[in-house]
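Since the model is a prediction, treat every value here as computed from it, not as a measurement. Residue numbers begin at 1 in each chain, while the letters A, B, ... track the order of the sequences.
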There are 2 protein chains.
Amino acid sequence: MRTTSRETGDSSRKRAGNGAAVRDVADDIGLDALVGHAGYAVRRFQIWIFQDFIKTLGAVDIRPTQYSVLTVIGANPGLSQMAVAKRLGIERARLVHLLDSLEQRKYVKRVKSKADRRSHALHLTAHGETALAKFKRLAAEHERHVEDKIGKENREQLLRILAGFT
Amino acid sequence: MRTTSRETGDSSRKRAGNGAAVRDVADDIGLDALVGHAGYAVRRFQIWIFQDFIKTLGAVDIRPTQYSVLTVIGANPGLSQMAVAKRLGIERARLVHLLDSLEQRKYVKRVKSKADRRSHALHLTAHGETALAKFKRLAAEHERHVEDKIGKENREQLLRILAGFT
DNA sequence: GACAATTGTTGTCGTCAACAACAATCTTTC
DNA sequence: GAAAGATTGTTGTTGACGACAACAATTGTC
């Protein structure tokens with residue numbers, strides 16, 4: 001019972017009266033130029049995909065950015081904070097807080113670099129390694145949700161099209 | 001298989017002085033699992049596309065969300081705030097501030113609805129109409145930037161794949 | 001007419017990008 | 001080899017944004 005008959009700006013716009021019933025207000029609102037904009041579609045999709053990621057990894061309390069940091073450090077142990085920030089396209093100021101959190105949770109450790117005493121060499125702890133393995137399994141599950149949502153081929157197409165941005 | 005163990009910044013600092021190879025530190029860092037994640041690619045792409053939008057519409061000081069609000073109101077005059085918020089997937093609490101700004105700049109006006117005295121019917125002002133026309137031209141220019149970046153067919157593919165989210 | 005639901009509004013909280021400034025530490029240059 | 005400049009990690013601020021909660025006014029329902 002969602003047939004909310006609402007009267008606001010009605011009467012004007014789009015008569016949905018070609019036989020089909022009006023299910024929700026939002027449905028018969030024209031977006032016009034908006035539908036042709038890649039940015040709008042991408043924004044809506046990104047919101048959906050992040051929410052699913054956050055929900056799927058909710059049990060372990062890991063958000064997309066945290067996951068990306070752990071993944072990069074796991075694959076490239078010893079990186080400096082600057083290198084990680086540049087690789088992921090996040091500000092080094094922001095990475096500081098992310099690492100504070102991850103270090104507090106014993107996933108990551110900052111080792112003072114001998115070669116360059118300004119920088120820290122980033123490593124996963126043993127606990128962080130096993131945890132990341134679990135996160136990756138959950139992330140794979142999330143990726144299957146994406147497949148279910150847009151289709152297997154479409155997901156691969158998407159990755160191919162956007163490969164240059166990774 | 002690019003798990004190259006590297007030592008922090010040390011010699012990886014690559015003497016960039018010679019001008020030879022080694023474009024940037026970030027280039028030879030493995031992302032591992034990250035490259036297979038749709039969410040990561042989409043996030044990076046969205047950042048790029050929004051920055052281009054903001055830059056291209058910088059002269060008129062219009063951000064993506066503001067543009068989407070103006071577009072929907074322009075295409076559906078008389079809508080309530082609730083209807084606009086629901087259609088664009090933004091909170092009505094947030095829309096309040098957006099409309100405050102747009103109304104202050106004389107693009108939009110809130111008309112007290114006769115039918116439902118709780119709600120406001122949203123309309124573009126005459127000034128808002130002409131301004132939106134200009135914004136749309138700039139937005140089209142931005143969209144051409146997207147084409148230049150990922151290719152004409154890829155952009156269309158993208159819109160097709162993500163059509164369900166608009 | 002009493003009670004629940006909706007609309008616009010105000011406020012708080014947390015995430016995130018973009019800057020700016022700073023101390024400590026390289027790197028370059030003279 | 002010392003001064004000048006650049007880099008690294010850090011702290012702080014600003015503003016856009018999503019998610020919630022509470023509220024008065026109004027409408028719908030029973």
TODO: Would you kindly give the CG-to-C1' distance between A/D116 and C/dA24, to the nearest whole Å?
DONE: 10 Å
- [ ] Select one nucleotide: of D/dT26, C/dG8, D/dT7, the one nearest the side-chain heavy atoms of B/Q81.
- [x] C/dG8
Open item on the list: Expressed as a whole number of angstroms, how long is the span from B/I54:CD1 to C/dC16:P?
Closed with: 17 Å
- [ ] Side-chain contact test, heavy atoms from C-beta onward, threshold under 4.5 Å: evaluate it for A/I49 versus A/H142 and give yes or no.
- [x] yes
Open item on the list: Looking at B/S68 and B/T65, would you say the former's side chain and the latter's main chain have a donor-acceptor pair under 3.5 Å?
Closed with: yes
TODO: Would you state whether a donor and an acceptor, one from the side chain of B/R118 and one from the base of C/dT6, lie under 3.5 Å apart?
DONE: yes
Would you list the protein and nucleotides 16-18 of chain D atom pairs, both N or O, that sit under 3.5 Å from each other?
from   : atom 1 : to    : atom 2 : distance (Å)
D/dA16 : O3'    : B/R63 : NH1    : 2.8
D/dC17 : OP1    : B/R63 : NH1    : 3.3
D/dC17 : OP1    : B/T65 : OG1    : 2.8
D/dC17 : OP2    : B/R94 : NH2    : 2.3
D/dC17 : O5'    : B/R94 : NH2    : 2.9
D/dG18 : OP1    : A/R43 : NH2    : 3.0
D/dG18 : OP2    : B/R94 : NE     : 3.4

Task: Atom-to-atom span, CZ of B/R44 to P of C/dC16 - whole angstrom - done: 14 Å
- [ ] Kindly assign one of parallel, tilted or perpendicular to the pair B/F45 and B/W48, based on the angle between their ring planes and the thresholds 30° and 60°.
- [x] parallel
- [ ] Please answer whether the main-chain N or O of A/S119 pairs with a side-chain N or O of A/Q81 as donor and acceptor at a distance below 3.5 Å.
- [x] no
TODO: Would you mind classifying the nucleic acid contact of A/R92 as base, sugar-phosphate or nothing, using non-hydrogen atoms under 4.0 angstrom?
DONE: base
Open item on the list: Using whole Å, what does the distance between atom P of nucleotide C/dG8 and atom CZ of B/R110 come to?
Closed with: 9 Å
Open item on the list: From CG of A/L99 over to C1' of D/dT11, roughly how many Å is that when rounded to an integer?
Closed with: 15 Å
Task: Side chain proximity check, A/K86 to A/L79, heavy atoms < 4.5 angstrom - done: no
TODO: Let me know the distance between NE2 of B/H120 and P of D/dT27, rounded to the nearest Å.
DONE: 12 Å
Open item on the list: Can you give me the closest heavy-atom contact between B/M82 and B/R92, atom names plus distance?
Closed with: SD-CD, 3.5 Å
- [ ] Would you mind reading off the distance between B/Q46 atom CD and C/dT15 atom C1', rounded to a whole angstrom?
- [x] 14 Å
Task: Interatomic distance where NE2 belongs to A/H97 and P belongs to D/dG9 [whole Å] - done: 14 Å
TODO: Answer yes or no: is there a donor N or O on one side and an acceptor on the other, between the side chain of A/Q66 and the main chain of A/R63, under 3.5 Å?
DONE: yes
